[in-house]
Structures are given as C-alpha cells and as structure tokens.
Amino acid sequence: MSKVKCDHCHLEFSDEVMIHDGEYRFCCNGCRGIFHLLKDEGLESFYSKMGDTTLSPPTEQFEASSNFDTPAFSERFVTTTKEGLSQVSLVIEGIHCAACVWLNEKALHKMDGVIEAHINYTNNKARITWDSDTVKLSAIIDMIRAIGYNAFPYDSSLQEVRANKERKDYYLRMAVATFATMNMMWIAVAQYAGYFTGITQDIKTILNVAEWVLATPVLFYSGWIFYRGAYYGLRNQAITMDLLVVTGSSLAYLYSIYITVFEKGEAYFDSVAMIITFVLFGKFLEVLSRKNAADTLDIIGKHIPREVSILEGESIRSVDVNEVKEGDVIVIRSGERSAIDGEVISGEGSFDESNLTGESEPIFKRLGDKIISGTTSIDALIHYRATKDFAHSTLSNLVNLLENAMAQKPSIELLANRLSQHFSSTILFLAIATFWIWYFWPHSFDRSLMVGISVIIIACPCALALATPVATLVGLALGAKRGILFKSAAQIETMAKATMVVLDKTGTITMGRPEVVYATIHTPFDIGVLHTLVSSSKHPISRGVKEYLDATEAEIDSSSIEEAREIPARGMVGRYNGAMIAGGNALLMEDLGIEVDSASDKSLFYYAVEQQLVAVYELRDLPKEKALESIAALKALNLRVVMLTGDHEAAAVRVAHEVGIDEVHAHLSPEGKAAFIEQAHSEGYVVVMAGDGVNDLLALAASDIAIAMGNGSDIAIEVSDVVLMNDSLTSLAEAFGISRKTYGLIKQNLAISLVYNSITIPLAMMGYVIPLIAAISMSFSSLLVVGNSMRVRWLYK
Amino acid sequence: MDSWVIAMMLGASLFLGAIALAAFLWGIKNGQFDDEKKMMNQVQYDDERELNDAANQQRKKESVNKKEEYRPE
C-alpha cells in the first residue's frame, strides 16, 4: 500500500483513507480547512518553509473563545500600553518549527488592528499588541486556532519579566566591563614592560590617561550594582562584600587619578577594572542560577477549571466558576474536573481522588455522596448541588494555603554570606590600621595611603566572590547530566545540610500503579477474550491486568466481545460467543451469585465465564526498583528517613517494611503532611521532602528542599526545588551525594581564598605590593578557585 | 619619536572599539539575542516580501499612534 503525505501536516497515511480534494490529499477535515485558509490568505509559502517537519493534525475541542473577552479575563491578563493599546501574553501550543513562528506572526499581522505579534521560538511565548477598538482578543485567538495552533494566557506581569530585565541589565554591564578590562590588559603590558626596562614619564602619562578613560565606565556603570549594594547594606547597618569592593576600587581609582595628574608613582586602574569585572561575573552566575519562581502560581491556575456547566431548568449553561452560588446544580461529565465542592443529587460513577488523597483506587460516588473540588470524574455523569462557592471550596483553599506556604518558605543562611561580613570588616580595619601605622612610623602621606589601599586591593574578594557560584554551577551541571535538576544553586547548600528526608509513598517509593503479583488460574480459558475485556476499561486495575497479560502471554488474538459495558465500581461484563463473561472485584462476583474468597490485603481481580470463576489476579502497588538499596544509602548518609502517606496503615507498613523504612505515618491529609514537616522544623531538622502529587503540594512547599518526580503532576514540579527526571530513588540518593560533594567544594574554595589572603595581606601591609603583583595575584587566586571546582568531575564519577 | 603618535593611535583604536561595543549594546537592548533559536532561523525568512511586510507593519503601528495623538481629549 502506497503511503501519501497529507498536504497540511505532512504525516503519511495510505492513499485510500485520505480525503481527496483535487490534486491535494488531506488526512482530516481540520488539515484541509487550514490548508485552504492559508491559501486564501496568501500564506502558502509556509509549506515550503517548514521543510521536513511534520505537524500534529488540529484538534477541535476548544473552550469557547468568548471568555477571552470577559472583563474578568482582561483584568487579570491584559495590560494597556501608554499609547492606549491592549497587550496580552500568551503561550502558543503546537509550535514545532521556525516556520510555525513565521506563520503565526504573519497571520496575526494580516489582521486589522493587530499592531504587533512577537513570538519567542525558544519558549513559545507570544506577546500580542492590538487596538481593542478595531479587533477583539477572541478574534485573535480564533485566528490562532484556525491555523491549527492553540493559545493559553499567562500572567507575565510578575517575577519573570523582572528576572529577564535583571539578566539583560547584567549582560550590558558585563559587556562594558569585559571590553574595558580586555583593552586595559594590553595597555598594562606596555606599562609593566616600561616598569622594568625604563619608560619616559610622558608615555607613562599617556598610558595612564587611556586606562583612566577605560576604567571610568567600568567603575561607575558596571560597578553601579556594588555601590547600590553597599548603600543598602549600610542602611541595614551591615558591612557587606559590596562595601569592601566599592571602597577598595573607589579609593584605588581616586589615588590613581592623583598619580596620573601629578605624574608620580604607579596607577592602579587595571586593578580597579579587574576587581569589578571578576566580582560582577561571580554575581551574574549567582543571578543566573537563582530560582525562577516566575509562573508557579499560573501553572496552578491552569489546573483549576475556569468554567463549570450548571443546570438551569432544562438547559445546561456554562458559567464562570466565580459566578456559581451555593445551591446551584452543577453537571459534571466523565473526564471533567470539579471546581466546586458539593453533594450528588443524581447519577453515579467513579471519581479519581488521587490528586488530593493519593489513593490510587477510584472512589465510587452515588446519591448523597460528597464531591470534592479538584477531583476528576472517570466515568460518571453526575448532577450535584454546590454546597460551597468557589472561593470556599477545597481546591481554592489548597491554592491559598500553598501561596502562604511558598511565601514563608524557610531559608538557611548561606556560608559565603555569613563569611563575607566578617571578612569585609576585618579587611577594612586592617587597611585603616596599616595606613596609620605607616603614617606615624613615619612615612609620607602618599606612601602610607598607597600601602593602605594596596591592602584592600590585594584582599579584594575576587576569589571569594567566585568560590560559591563556580562550585555550585559545576554541581548543577553534574546533577543535570544524571537527570537531577536543581532549580537554584542555593538549594545545593541547603540540601547538603539536610538532616531528615521525608518520602511520599505512592509514586515516590512505589510505582504508583497496581501490578499483578500473583495469578491463580482455576480453569484454562481464552486469554484473548480477557485481554479484550480489560483493554476496554481505563481503570488502573484493568490496566494492570492488561499489562500483565501483555508481558506474560506470547501471542494474544483479539476477539470481539458483544454488549461489553462497564459497571462502575464493580468491573466489566460482556458476551463472547453467547457466553457471559465478567471481570471485576468481589462485589461484581457477588452480584453475579458467585462465591469468592475475598480475604486479602491486596486488590483482587476476578474473571468469570458463564457464572464460573476461572481466574483470580492479585494486584498491588510495588516499590520501585532498587528502592531498598537507595533507602539504605540515604540512611548511610545519617539522614532520618520517614514515609508519609494518605493510604491506610496496613498497606503503608508493608511497603515501608519492604524498602527498609522504620518510621511510617499513614492516613495523613495533605494538611497533615505539611503539619508533620513543620513539627520536624520546630525540632530543628532541615527537611527534604520528595513527592509527586497534588496531595503532597503543601508538604513540598513547607519543606526546606522539595523534590519532585519527573512524571509527577506539573504543579508538584513547579513548587519543588529539585526535579528527578528519571523518577528513581537512586537519583534521590545521588542528589544528596552531589550536593554534599559540592558543599565540600564550596568550603574548600572559601578556604583557598582565605589562605591566599592570609599570605598576601601581610605582604601588602609591609608595602611590597606593586600594581603588577596585585593584578597577577588577583587572576591567580581566581584561577585556583575555578580549577579546584573543576576537580569535582573527578571526585564524583 | 613623538609621543603624540602613541596617544593618537591609542585614541583611534579605543574609539573604533567603542563603536563596536555600542553596536553590541544596542543589539542586547533591542532584544536581538533574546531568542537564540529564532535568531538563527530568521535568516531563512529574509527576502523582499518580508521586508515589505515589516515596513507595512511599521506603518500600521505608526498610523495607530498618530490616531491616539489626535484624540480630542
């Protein structure tokens, strides 16, 4: 069969299933629609631009775009520029290639009233400016959807913009500093060559003036950050590293101007530029690796349904969640997530509450049962009466608690910060003392001042400023290679100091889905029929059985079952060749009048043919591979290992026993987990929490270091500080190893720079330091620190 | 040798360097380096039509700005 490419999405299908449209072939009507739209708009050159990439065919399930025009929406997401235009930030979904970016920008630019559409290819974020008198935002969204993409709003107002601006500011300052310092270095070569071989005073002055010109923007533009830091430090009555940098470089700068103008001695302009440049780079590395807490809360917002369907008389109307009042009747269909707490008034079916409770088993709801917001209907079509409004529902409460917890996240003072305070005040004191001693010894004022300044310059914390950021960056890279993503450099140090690790059960220690551990076959039967039966359900138990069959049976013939249907909270029944077949739990068997022995602490799946029990499968949630070894490794690091779970006691204790955890707390609510962590805090523990679900969110936010599993929920990943991409407990132990090694390295680096200073400072105090020695010593100590940090690659293989 | 030759050469080379630096700073400020992936791909879409489109877009932007200025308020 010959395969043909769809003319829009370029996916290949056999010719006979394609839609034929003249000379064109399409896989679906969506693709055809987009193709003709682009042709009409004169944008068909998109297809030649996209080259070999394929697109995903368009899906048609969108919320109505009209809610993009509501006042509530524009209040939250739309900003107004000073020209009176509207601006919104969107995330565009479905961008695969540079041509997609081109197409979106072009299509939007063609619309009347769209002033600017700028799409970032790297992160798929778009900024759209439009004239709200001419065109509505919903029309713009419709256009994006019409050409086969989708758009979500995101709130760009907060930290992200600020973080980007800060980064750009650093780029500018670093560009100036690097340019000036590099040029100064070759002028300095002439200076030093002249120092040793002889140089006339007028040439020396020319070189000094050139250095003066170059050093000025470095000190006052690039170094502005340090002036600001020193000022704020002084206002809080703290002597900071910034103050030391500022005093050292400003004094050296003024002294060098004096030297240049009165033509005596050596100028220190190159040291001024070098100090500022090195310390600026160190600071930039810190900024770069700082946690970008940016749109955490937006991601959470994305998980809250913005609209619900309510029943009014006979008709169903979708309304904004905030408009729902107590007593309204809400309709929830299968697959939908509830936004509001309530009580079932008609219908029945299973709900997935794993989001909130961590229980992997679906919960069956019927008349009078409570619906909790944030849970998802698996197969139920239910009408329920709202017992609370949106703001008081469980989900909103959770979000509020989370916001509070994130704002109050504990922070542990970093070693380098603590050290730098003492260091800075000591050096300033030594410099002043040196000056007075020289002055009263007696020496000329010039000479004494120069020696005093040389103490500050030589002690200037280039190596100290680089010690922490370089080491942590190496640690971050090391982790990233192993699929351990530290979101922020500071977390490495905190993690190294951790004394307690708290693990969630489901999904963290265990696989998070039931697996068949034992099968009892009473009578041989047709495996293919059972396979087809379990394939028809999405229930975790059925999936577990299906996976087991796939893994154990060599060949499975699929067979067709008639009248297959799911019975909520029971199982599935159907008919095969006239014989009645049923697979499900003990309740289903009871209903069918089959006697079964259901005494087991595991989940049991029964399979019956014609009222005759033929097979029983035992399923349970198994611990992950190498869980035992990893827990042992954690214990070997002197960590108190605790397991928390929302599950019942028996299941929790069994898993804990299997992986070697002695301390278990079962049956905890999300708030209970967080309370446990706070209790541990008050006992003086530094707590690392690893979890994966929404039910762990509060605990994650309360902990010092939150670790999320890579396949956990998006929110958990957003809230956490460390993400384990491969979900394994081995990486958890490795993350501890890396952070402790890195912390050791930080300590070494700080020690190196301190030892270095304790040798050079006495030299400077004795007046042996000329500008050349100052420059060399600064570069050399920085090189030592960077070189030492690189060693971690050999330390940790 | 007269020292003004050195001064002049030093001045001239620093001046040229400063022009390059200024151009680089302008690029950063303008967001030319914000999107590394797009920057590398942009060169593919750089024909005459693109220039015309860009010019039209600029005109559209300006016309709206003017309209705002003349608003009688």
Side-chain angles (χ1 to χ4, degrees), chain A residues 42 45 49 51 81-85 97-99 101-102 105-106 108-110 112-123 125 129-131 133-134 164 167-169 171-176 178-180 182-184 186-187 190 200-207 209-211 213-214 217, chain B residues 1-47 49-50 52-71 73:
Chain A
S45 67
K49 289 190 165 75
T81 64
K82 54 182 181 293
E83 290 95 16
L85 302 168
C97 55
V101 175
W102 175 88
E105 287 185 351
K106 277 282 133 33
L108 293 176
H109 280 166
K110 274 181 182 290
D112 271 338
V114 175
I115 308 302
E116 199 179 4
H118 179 88
I119 299 172
N120 186 314
Y121 181 25
T122 313
N123 55 21
K125 285 178 178 170
T129 315
W130 78 100
D131 181 3
D133 298 339
T134 326
N164 283 341
R167 202 172 295 171
K168 205 179 251 189
D169 188 54
Y171 282 139
L172 293 174
R173 290 177 200 278
M174 277 175 11
V176 171
T178 314
F179 169 79
M182 280 165 70
N183 279 297
M184 263 165 120
W186 58 259
I187 300 178
T200 57
Q201 184 59 50
D202 53 343
I203 296 283
K204 201 161 152 184
T205 307
I206 290 170
L207 294 178
V209 169
E211 287 193 336
V213 171
L214 286 169
Chain B
M1 190 184 65
D2 279 329
S3 50
W4 69 267
V5 179
I6 291 191
M8 194 195 67
M9 288 173 71
L10 208 51
S13 50
L14 285 183
F15 177 69
L16 289 177
I19 291 177
L21 177 69
F24 182 57
L25 295 185
W26 173 82
I28 296 180
K29 272 190 186 159
N30 241 294
Q32 309 256 339
F33 305 107
D34 284 2
D35 189 350
E36 66 265 36
K37 275 166 92 184
K38 197 174 178 183
M39 184 174 81
M40 302 309 288
N41 279 299
Q42 205 100 65
V43 70
Q44 294 175 35
Y45 317 130
D46 209 15
D47 53 14
R49 248 185 77 193
E50 303 294 329
N52 282 333
D53 284 354
N56 282 337
Q57 198 60 32
Q58 191 65 33
R59 231 168 278 146
K60 195 156 125 192
K61 198 170 172 180
E62 270 159 21
S63 73
V64 172
N65 287 351
K66 273 189 197 114
K67 189 180 82 188
E68 296 297 325
E69 271 168 35
Y70 289 129
R71 187 171 272 183
E73 270 177 347

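Just so we're on the same page: letters track the sequence lines, and every chain starts at 1.
At a 4.5 Å heavy-atom cutoff, the contact between V176(A) and chain B is made by backbone and side-chain atoms alike. For W186(A), the part lying near chain B is the side chain, with the backbone staying farther off; criterion is any non-hydrogen pair under 4.5 Å. Only the side chain of L10(B) comes within contact range of chain A, with at least one heavy atom under 4.5 Å from a heavy atom of that chain.
In this structure, OH on Y171(A) lies 8.5 Å from CD1 on I28(B), to the nearest 0.5 angstrom. Atom CD1 of I187(A) is separated from atom CG of L14(B) by 5.5 Å, given to the nearest 0.5 angstrom.
Taking every heavy atom of both residues into account, F179(A) and A18(B) meet most closely at CZ-N, 3.6 Å. Minimum interatomic distance between S3(B) and I203(A) (heavy atoms only, all atoms of both residues): CB-CD1, 3.7 Å. Across all their heavy atoms, L21(B) and A175(A) have their closest contact at CD1-O, 3.7 Å. The shortest non-hydrogen separation linking K29(B) to K168(A) is O-NZ, 3.7 Å.
Among V114(A), T129(A), D112(A), the residue making the largest number of heavy-atom pairs under 4.5 Å with chain B is V114(A).
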